[in-house]
Structures are given as C-alpha cells and as structure tokens.
Amino acid sequence: MPTQHQTCLIIGASHAGAQLATSLRKEGWKGRILVIGDETVIPYHRPPLSKALLTREKDASQIDIMKATVYENANVEFMLGVQVTAIDRTNKQVTLNNGETLAYDKLALCTGARVRKLEIPGHHLKGVFYLRTLADAQAIQNAVTPGGRAVIVGGGYIGLETAASLRKLGMNVTVLEMMNRVLERVTAPELSRYYTDLHERHGVQIITHAQALALEGNDHVERVVCNENRTLDADMVIIGIGVIPNTELAAAAGLEVENGVVVDEFAMTSDPDIAAAGDCTFHPNNVLGYRLRLESVPNAMEQAKSAAASLCGHKKAYHALPWFWSDQYNAKLQIAGMNRGFDRVVLRGDPSKDQFVAWYLKGDQLLAADCINSAKEFMQAKRIIAEKRVISDEDLANPAVDLAAIISGNAAA
Ligand SMILES: Cc1cc2nc3c(=O)[nH]c(=O)nc-3n(C[C@H](O)[C@H](O)[C@H](O)COP(=O)(O)OP(=O)(O)OC[C@H]3O[C@@H](n4cnc5c(N)ncnc54)[C@H](O)[C@@H]3O)c2cc1C
C-alpha cells in the first residue's frame, strides 16, 4: 500500500498526466504527486486548438482540463517549463534539463506525441507553423489576416479542422494532400468525398496528389513549390502530417518500445514501478483483439485511470472501445471503433444532407462507424460493436429501421 512518504512523479502535463494525477489521489495515493511538464501552463484541452480556440470562440482561460483549485485540493504539484532528460531505474530517479535530479517511488510516463516535421527547403521561414500546443495555436492566430492565403500541408483531421477554422476567420485556404484523397489512411472513400465536398462548399481548395517540395520566400514564406511544377502563393503555411510518440526516454531507460511504450492492460510497463498512459503507449485492447497506439483524448483519460489504480496496487484493466470526434463547419463527426480490416462500407442517411453514418463491417461484425451529425447512431454503434451484435446490412442502411429496438431485442452473439 502506498504510504505518505512515497513520491509519484508523472512526466508530461497534459490529458493523461492531469487525469493520472487526480485519479491517483482517488485511488488512495497518500504521498507526494508531482507532475513535470515541459510546457509552461497547466494541462489544457488540445482539441479546441484547431477548433474553437483557433476561431477565438474560446480563449485560453476556457480550455483548462481541470481548474487549478482541483489540483490544489488534491495536493497535486506541478513543475512546469522543465523537461525530464533521463530515467535512472536502478536508483529510481529522473534527471531534469536544469541538472536537478528527483527521486521517485513510482513513475508515470505521459509524454504523448510531438509533430512530425517536414524538413524541406525553406521549412525554417517565418510564417510556417505546426499545431500541437497552445503556443502553436496562438502563433497561428497572430498570423491570421482576413483575405490572406493559407496553405495547409496534409489532409488529415488536424489539417482539415484547421482549414475550416481559418476559412471561418476569412482566410483563403488551400489543402495539399499527397495521397489520392483526404483522410485516406483513416476513412472510406465515401467520407473523403463528403469532406472534400464540404470544404469546397465553404470555399476551401483541396488538391490531392500534391506534395510540398519546398517553401520559398525572403525571410517570410511566400510560396509553396509542389510536384508537377505547381506553385502556390502563401502568406502562411501550416504543416499537419502526423505525430511521433515521445518514447525516447523510455527506450533509453531500457523499457520496451514498439510504436509506443509497451504496456499491459493495466497500463504498466515491464518495470513494476513505472506506468504509462496516453498517446505514447502501445497497449492491448481485448474489445479489438490487438495491440495499438491511439491518438485520442478518451484513450488518454481512461488509460490514465487504469495507470493510477495500478500504481496504487489495484487492478483496473483498460479495454474501452476507442472513440474519437472531429468538428468541421456544421459537421460533427463521431467515430466509434476502429475500421482496420473492414471488407465493406454500408451508408445510412444522405451525405448531401450533412447527416449520415458509414458503417464499417467485416463478415457479420460491425468494426466501426463514422457518424456525421448522428449522435444517436454513434451511441448505438458503440453498443453494437462492444457487444458484438449482428445486424444485417439492410437494417443498418435503412434510416427507417429502429436500431435501438433491434439492439434491445437481439441477443449477443
Ligand atoms: C490540434 C489538435 C486537435 C485534436 N483534436 C482531437 C479531437 O478532436 N479528439 C480527440 O480525441 N483527440 C484530439 N487530438 C488528440 C489529443 O489531443 C491527444 O490524443 C491528447 O492530447 C493525448 O494526450 P497525452 O496526455 O497522451 O499527450 P500530449 O497531449 O501529447 O501531452 C504530452 C505532454 O508531455 C510533455 N512531455 C513530453 N516529454 C516530456 C519530457 N521529457 N519532460 C517533460 N514533459 C514532457 C509534452 O510536451 C506534452 O505537454 C487533437 C490534438 C491536436 C494537437
């Protein structure tokens, strides 16, 4: 049992770190809890950075994950603007970038992920941005000029959400996507078509098969040079080409790393004193039947609760069905499950009316559902997938069929 003389250090002050710290107290941790983060502010919600914060519908004071008083009341301490540079598992201490060392009894890695950099000529020019932190979002906001030209490199969720927000702020926006279609790695062609159409309706230009090869300008970016001799004028370039998990600390400390810090279903690494949670972990999921790394808030928060329980000597397995969301213009997308390995897609509703569901199936099983402005179906999809219910393609496709009635009347397989 944890005693009041023990210290738990948490590396990373974001979604996973904040949740882990407060959950530790709830699980009965009596000793010191210290969260060390290299950003300079207390944990904040990242999703609004490309949405309501970027459009100024919310300001920085409205996106705290928890109010400062919640941490104070739970006696959670923060050390911010400081980076952990090494973990010494033998002596159970970490080294900070200011040269200090701190001892721990238990340690949690909540180091998340960082943006993948596009190191093409001109990448250092002013006016070239990435979007991961509050500071990044504020720098983009300061550079917005209504009527100015923004080029976004990468047609994934972050790129498309940023495109929608910059359009709202009155910029002329072009999205460059290297693949055949936007969101190609994560959705079916029907969704890519829908999002391309949605953005074009709002005046965003989407160019596929477009690879940014160089950024040009005199001190400040002025244009993007692409393949096929295409050149686009730009006052601002935002690069959104994915993230890389921050696993170097764990790897250097001899912990197992494989597309993330390897943990078990209780969010524990191979070291019984070290847990890990959030974007940085490669974890098992028995609802899905395979290991994966996720980049999502619900994953970070729920896995952190398991990690906190484990560090206090309790066992709470983390096996939640993954879910995710994205907001662009008036389209609220909610995704239940993972579509990996699907053999067909069934549509329910009408994309042209901005309300539909794409069901991803394999054999008779539903793997995932992308629900556009369809909150009811999203909730139903979660149940169908988690309970392995079998529903025919015809019923899934027909908006007149009451899925709730089928679910409650249909025995699990
Ligand atoms: C613009 C944007 C929009 C998003 N939208 C959505 C959305 O709509 N829905 C959704 O589910 N998810 C969304 N996400 C993803 C979501 O934000 C992440 O899944 C979530 O932040 C993961 O939380 P985390 O705590 O695991 O890691 P992170 O949020 O990456 O936090 C890790 C923290 O640890 C710090 N750190 C790393 N190494 C060290 C070290 N050695 N020493 C000290 N500190 C360290 C990092 O600087 C960072 O502050 C979005 C992300 C972004 C950037």
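Hydrogens, waters and symmetry mates are skipped; everything else that's a heavy atom, side chains included, is used. When a ligand or atom number is given, it counts from 1 through the structure's own listing order.
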Q. Based purely on interatomic distance, does Ser296 place a nitrogen or oxygen under 3.5 Å from a nitrogen or oxygen of ligand 1?
A. yes
Side-chain contact, heavy-atom cut-off 4.5 Å: Ile274 with Arg89?
yes
For Glu295, the ligand 1 atoms with a heavy-atom partner under 4.0 Å come out as 19 (O)
Within 4.0 Å of some non-hydrogen atom of Gln83, the atoms of ligand 1 are 40 (C), 41 (N), 42 (N), 43 (C)
Ligand 1 atoms nearer than 4.0 angstrom to some heavy atom of Leu131 are 1 (C), 53 (C)
- Give yes if a backbone or side-chain nitrogen or oxygen of His15 is under 3.5 Å from a nitrogen or oxygen of ligand 1, and no if not. yes
Is Lys51 salt-bridged to Asp327, going by a charged N under 4.0 Å from an acidic O? no
Numbered in order shown, the ligand 1 atoms found under 4.0 Å of a heavy atom of Asp279 are 18 (C), 19 (O), 20 (C), 22 (C), 26 (O)
Salt-bridge contact Glu27-Lys305 (side-chain N to carboxylate O under 4.0 Å) = no
| request: Would you mind checking if Lys388 and Asp364 are paired as a salt bridge, meaning a charged N to carboxylate O distance below 4.0 Å? | output: no
Next on the checklist: Check this for me: does any side-chain nitrogen of one of Glu248 and Arg114 sit under 4.0 Å from a carboxylate oxygen of the other?
Outcome noted: yes
In this structure, OG1 of Thr95 is separated from CG of Leu102 (nearest 0.5 Å) by 9.0 Å
Checklist entry - Can Asp370 and Arg348 be counted as an ion pair, charged N to O under 4.0 angstrom? => result no
closest protein heavy atom to atom 27 (O) of ligand 1 is Gly112 CA, 3.2 Å
protein heavy-atom neighbour closest to atom 14 (N) of ligand 1 works out as Pro47 CG, 4.4 Å
Atom 30 (O) of ligand 1: closest protein heavy atom, distance to 0.1 Å, is Arg132 NH2, 2.7 Å
Note: ligand 1 atoms sitting under 4.0 Å from heavy atoms of Gly278 are 26 (O)
### Message
Check for me whether the distance between the ring centres of Tyr318 and Phe266 falls short of 6.0 Å.
### Response
no
Within the 4.0 Å heavy-atom cut-off, what Ile11 brings close to ligand 1 is side chain
So, does Val243 sit close enough to ligand 1 that a heavy atom of it is under 4.0 Å from the ligand?
no
Query raised in the report: Salt bridge check: are Asp393 and Arg344 linked by an N-O gap of less than 4.0 Å?
Result: yes
Near Val82 (heavy-atom distance under 4.0 Å), the atoms of ligand 1 are 43 (C)
If you measure every N or O of Ser50 against every N or O of ligand 1, does any of those distances drop under 3.5 Å? no
* Would Lys92 and Asp273 pass as an ion pair if we require N to O under 4.0 Å? -> yes
* Are any of the N or O atoms of Cys280 closer than 3.5 Å to those of ligand 1? -> no
Ranked by distance from atom 37 (C) of ligand 1, the top protein heavy atom is Thr111 O, 3.2 Å
Within the 4.0 Å heavy-atom cut-off, what Ile158 brings close to ligand 1 is side chain
- Step through the shown structure and confirm whether more than 12 heavy atoms of other residues, nucleotides or ligands are within 6.0 Å of CZ on Arg201. yes
heavy-atom search around atom 10 (C) of ligand 1 in the protein gives Phe324 CE1, 3.3 Å
- Judged by non-hydrogen atoms, does Lys51 sit under 4.0 Å from ligand 1? yes
The atoms of ligand 1 lying under 4.0 Å from a heavy atom of Gly37, numbered in the order shown, are 43 (C), 44 (N)
Ala113 heavy atoms within 4.0 Å reach ligand 1 at atoms 30 (O)
Nearest non-hydrogen protein atom to atom 16 (C) of ligand 1, with distance, is Val297 CG2, 3.8 Å
Problem - Leu49 N/O under 3.5 Å from ligand 1 N/O - result: no
Among non-hydrogen protein atoms, atom 17 (O) of ligand 1 lies closest to Arg46 CB, 3.2 Å
Output yes when the distance from some N or O of ligand 1 to some N or O of Asp38 is under 3.5 Å, and no in every other case. yes
Counting heavy atoms under 4.0 Å, the part of Glu39 that contacts ligand 1 is side chain
Of all protein heavy atoms, the one nearest atom 41 (N) of ligand 1 is Val84 O, 3.0 Å
Do NZ/NE/NH1/NH2 and the carboxylate oxygens of Lys117 and Glu119 come within less than 4.0 Å?
no
(Q) So does Thr7 get a backbone contact from the side chain of Asp105, meaning a donor-acceptor N/O pair under 3.5 Å? (A) yes
Within the 4.0 Å heavy-atom cut-off, what Leu249 brings close to ligand 1 is side chain
- Task: Keeping the roles fixed (side chain from Asp343, backbone from Gly363), state whether a donor-acceptor pair exists under 3.5 Å.
- Result: yes
task: Compute the minimum heavy-atom distance from Pro298 to ligand 1 and say whether it is under 4.0 Å.
output: yes
| Looking at ligand 1, does Cys110 have a heavy atom less than 4.0 Å from it? | yes
Note to self: I'd like to know whether CE of Met179 has more than 12 heavy-atom contacts from other residues, nucleotides or ligands below 6.0 angstrom.
What the structure shows: yes
Fill in: Heavy-atom neighbours of Lys67 NZ exceed 12 at 6.0 Å
yes
Checking heavy atoms under 4.0 Å, the part of Ala16 that sits near ligand 1 is both
Next on the checklist: Could you tell me if the side chain of Ile10 sits less than 4.5 Å from the side chain of Cys8, heavy atoms only?
Outcome noted: yes
The answer for which part of Trp325 has a heavy atom under 4.0 Å from ligand 1 is both
Residue pairs meeting ring pair (Phe, Tyr, Trp, His ring centres under 6.0 Å), one or both in residues 147-206, sequence neighbours left out, come to Tyr157-Phe324, Tyr194-Phe356, His199-Tyr329, His202-Tyr329
Regarding ligand 1, does Ser14 bring an N or O atom to under 3.5 Å of one of the ligand's N or O atoms? yes
